[in-house]
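Take a look at the structure below.
Note on naming: letters A, B, ... go to the chains in the order of the sequence lines (proteins, then strands), and numbering restarts at 1 for each one.
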Amino acid sequence: MKAESANWVGTIWITVGLLVLWQAAYLIVGDLALRSPLQTVAFAYELLRKPSFAPHLVETGKAFAAALAIATAMGLVIGITLGLSKPAGEVFEPMLVALYSIPKVTLYPILLLMFGLGISAKIAFGALHGFIPVALFTINAVRNVKPIYLKTGRVMRLGRAAMVAKVVFPAAVPEIFTGLRIGFSLTMIGTVLGEMFASQKGLGHLLMNAIGLHNVDLIMAITLMLVVFAAGMSSVLLMIDRRLHRRV
Amino acid sequence: MSEQHDLTAHVGLRGVTKVFRGADGAPSVHALGPIDLDLRRGEFFAVVGPSGCGKSTLLEVLAGLSQVSEGNVLIEGKPVGGDIMDGVGVVFQEDACLPWLTVYDNIAFGLMQTDTSRAEIATRVESALTMTGLSGFAGSYPAQLSGGMRQRVCIARTLVLQPRLILLDEPFGALDQQTRLLMGEELLRLWRATGATIFLITHALDEAAMLADRIGIMSARPGRLLEILETGWSRDRDSRLVETAEFGAVTARLWQVLRGESMKSINRDGARA
Ligand SMILES: Nc1ncnc2c1ncn2[C@@H]1O[C@H](COP(=O)(O)OP(=O)(O)OP(=O)(O)O)[C@@H](O)[C@H]1O
Ligand SMILES: [Mg+2]
């Protein structure tokens, strides 16, 4: 309990610190390149109330949700399969690691060719970023399940499917969740990046346009929204993550 | 090597040997055997032996969790091989509580895999909770319990399955001496009530002496049976047995045989470390 309240206090201090830095940067750099925190929040609020803005928000939300669902499902299936089968894991895990380390942007033109300029390409690009950490963490989580749990499953005469559902998966959940948390962030990066490079709708697209027009208000407001959403979700996920890891 | 099996026995081991093959050039370990042993139906059999002599290995082979290198094991006349048989319950030496389940769900875990009705499961789990002194902890998670309580959860989880053959690997290892004696009495009561055959591994000589009809004394690794001691206790014994002269004689005999073996095993492991 104590540690948790200390965490909150820490979070608040960091937030305050960042706001102060931001304000200071604004005072130094001036109106040409930055807006103050207050101005940005005010502009973001106005933006959120504009009917023309909603479709972009919805587009990004939809793309992100779909990408996350695909990344999670793919990551789990691949991770559990490769984690359970040693030979398959030895062949495919290095391939996943290699894919993880290359800049996915290099693959985007191919995705665009495959999926066209619509929402599908962004979804694919987001999922491409997100599924690998989920898969890699799941592989390790499944491999690290304590042998005594598997033995327990065997003496309770569990079949293979029941063993996965009732022993392997629950035992691996804390580690899998860590993968999901990282997958969440990367999926979001992937989705927005996809929108920035080639798209006619969505927050990434608006952001790119704003950069082109040097619309500082818009750039800062959208960035703020993305950061607040990402940071908020991240801390919620981190909290759940910590709680899951504490049970053992 | 393989003699005829005695088909009236509950469990029969003939020439059972286990060698762990070393992976990647590591030397292989001859952990166990050869062992010949019959467990009579309904008897309480205890095994004592120096640390690392192969007791847990023997249990895994008996349970069908691990393949023998040589020899064979029959349970109720059927050969054991690589799979747990119907009517066999196992309590492991390590903490085997599933941390994501409550105490209640841990104990019900095995029963949930069978087609036992919910009501019947509840009845059995409740009585197991009472028996193991965990009634107030049904909704707790293993992480909230002491090591001894977790071990009792594992015992309860096996007992609710009402196995005909119960294999226990140092189940009271994490318990204090008093609780250990009381749990021993509970085990005796349960054994009398169910008529199950019990195979109990323990490092506590007094526990073996108090609980068992027969005690197998194992040698240092590779574990072989040096002697099988008949205690001759009546079926309705309890922990007051420890006050008797016969009890002292049995414990003394166990130590007499084991002293040399334990020194062998300590010296060898000490030299290797
Ligand atoms: N999977 C394994 N691979 C290799 N060697 C093993 C394996 N399991 C056990 N051994 C070895 O076999 C021997 C017997 O181990 P076992 O666990 O059966 O001993 P034990 O009598 O139960 O010891 P303790 O009283 O300490 O529990 C030990 O020397 C151990 O190192
Ligand atoms: Mg052991």
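Residue contact with chain A, scored on non-hydrogen atoms closer than 4.5 Å, is absent for Gln144(B). For Leu161(B), the part lying near chain A is the side chain, with the backbone staying farther off; criterion is any non-hydrogen pair under 4.5 Å. Contacts of Cys154(B) with chain A are absent, with no heavy-atom separation under 4.5 Å from either backbone or side chain. Heavy atoms of Ala96(B) lying under 4.5 Å from chain A belong to its backbone as well as its side chain. Proximity to chain A is limited to the backbone of Asp95(B), based on heavy atoms less than 4.5 angstrom apart.
The number of heavy-atom neighbours closer than 6.0 Å to CG of Asp176(B), taken from other residues, nucleotides and ligands shown, is above 12. Few gaps surround OH on Tyr104(B); more than 12 heavy atoms of other groups in view lie less than 6.0 Å from it.
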### Task
In sequence, state the C-alpha distance, the side-chain angles, and the governing distance for Glu60(B) and Lys151(A), and then conclude on salt bridge (Lys or Arg N to Asp or Glu O under 4.0 Å).
CA-CA 10 Å; Glu60(B) 298 224 336; Lys151(A) 265 200 247 173; 2.6 Å; yes

### Message
Before you tell me yes or no, could you show the steps for Arg157(B) and Thr152(A) under side-chain contact (heavy atoms from CB on, under 4.5 Å), namely the whole-Å CA-CA distance, both residues' side-chain angles and the distance that decides it to 0.1 Å?
### Response
CA-CA 10 Å; Arg157(B) 180 171 66 191; Thr152(A) 300; 3.4 Å; yes

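Under the 4.5 Å side-chain criterion, counting only non-hydrogen atoms from C-beta, Arg157(A) is not in contact with Thr114(B).
You'll find the ring centres of Trp100(B) and Tyr149(A) inside the 6.0 Å limit.
Just one residue in the list Leu167(B), Thr158(B), Val91(B), Val90(B) forms a side-chain contact (heavy atoms from CB on, under 4.5 Å) with Val155(A), and that residue is Val90(B).
The residue among Val88(B), Leu101(B), Asp86(B) with the most heavy atom pairs within less than 4.5 Å of chain A is Asp86(B).
Relative to the six-membered ring of Phe109(B), Lys166(A) misses at least one condition, a distance below 6.0 Å or an angle of at most 45° to the axis.
Across all their heavy atoms, Gln113(B) and Ala162(A) have their closest contact at OE1-CB, 4.4 Å.
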